[in-house]
Amino acid sequence: MGSTDGNGGPTLLRAVPAGAEARVAALYWEAFGRKLGPALGPPEAGQAFIAEHLHHDRGIVAEHGGEVVGVAGYQLGGRGLTGGEVGDVLAAYGAFRGLPRLAVLALFGRGPEPGELVMDGIAVDAGHRGLGIGGRLLAEVAAVAAEHGCHRVRLDVIDVNPRARALYERRGFTAVRTTRTPYLRPLLGFGAVTTMHRPVSPADARV
């Protein structure tokens, strides 16, 4: 399934196209490298791991001129866009280096509650920001949630990403709690995470 904005803008696709894995991984790393670095770095190794273990049907991409310029990942039905099991991490990084990385990844592992779709993250190419792509991706995620009978979308935003939080607030998300973890700032580069919710209604659906 794909959709356009009617003005020659990017087309939205409800899956990562075959062959675009490395591009999606690069966009994700650009947006979330500070967060993912301690678990999956260095950048080359982290991007390769993300690309190899993507769940294609858990991503919505914005494609323009044959290139992916934006991506939104989500968790639904026990799977998210970024995959990889314990054994995959150990195989990629080795037991000595892999076990500490698994401990860091466990800090991010909060899955959906019943009736909830969880955003894994949203990333837009720097040259295409300010064109409404992020808002369109969020609207499409809400449509997926509605079509699967979810009543809300949940996401977490870190304290060093005010631009993302402002986008989410403009698109109907409200903060419900903030978890402060200053002891993690030296490791992860941020010291607080705010959980945000957006209600979903049947009107969000595309079908």
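- Under the salt bridge (charged side-chain N to carboxylate O under 4.0 Å, His left out) criterion, E63 pairs with no residue, sequence neighbours left out.
- Considering L138, V144, L81 in turn, V144 is the only one that fulfils the side-chain contact (heavy atoms from CB on, under 4.5 Å) rule with I60.
- Looking only at distances, a side-chain donor or acceptor of R136 sits under 3.5 Å from a matching main-chain atom of P10.
- Considering only heavy atoms from C-beta on, R14 comes within 4.5 Å of E140 through its side chain.
- Considering all non-hydrogen atoms of both residues, A145 and V200 come closest at CB-CG2, 4.0 Å.
- The closest side-chain heavy-atom distance from H64 to L131 is not below 4.5 Å.
- No donor-acceptor distance shorter than 3.5 angstrom exists from the side chain of R154 to the backbone of P112, with no hydrogens or angles considered.
- Considering all non-hydrogen atoms of both residues, A15 and V61 come closest at O-CG2, 3.6 Å.
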Mind running side chain to side chain contact (heavy atoms under 4.5 Å, CB included) on R165 and L167 for me, showing each step along the way? CA-CA 5 Å; R165 177 164 177 167; L167 169 64; over 6 Å; no

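- Within the structure, ring-ring contact (aromatic ring centres under 6.0 Å, His included) contacts touching residues 122-180 (residues at least two apart or in different chains) are Y168-F173.
- Of the possible donor and acceptor atoms, none in the side chain of D156 sits under 3.5 Å from a partner among the backbone N and O of V193.
- Looking only at side-chain heavy atoms (C-beta outward), L27 and R23 come within less than 4.5 Å of each other.
- T195 places a side-chain heavy atom less than 4.5 Å from the side chain of H197.
- The distance from the CH2 atom of W29 to the CG atom of L40 is 5.5 Å, given to the nearest 0.5 Å.
- Take A203 and apply the side-chain contact (heavy atoms from CB on, under 4.5 Å) test, not counting sequence neighbours, and it matches S201.
- A72 pairs by the side-chain contact (heavy atoms from CB on, under 4.5 Å) definition with M119, I122, L137, V141, not counting sequence neighbours.
- Note that OG1 of T178 and CE of M196 are 9.0 Å apart. Values are rounded to the nearest 0.5 Å.
- With rounding to the nearest 0.5 Å, the separation of OG1 in T179 from CD1 in I158 is 13.5 Å.
- Contact record, D204 with A146: CB-CB, 3.9 Å, taken as the closest heavy-atom pair.
- Every residue was checked against the ring-ring contact (aromatic ring centres under 6.0 Å, His included) condition with Y74, not counting sequence neighbours, and none meets it.
- Between G80 and D120 the shortest heavy-atom distance is CA-OD2, 3.5 Å.
- For residues 41-60, the set of pairs meeting the side-chain hydrogen bond (donor to acceptor under 3.5 Å, both in side chains) definition, not counting sequence neighbours, comprises E21-H56, D57-R79.
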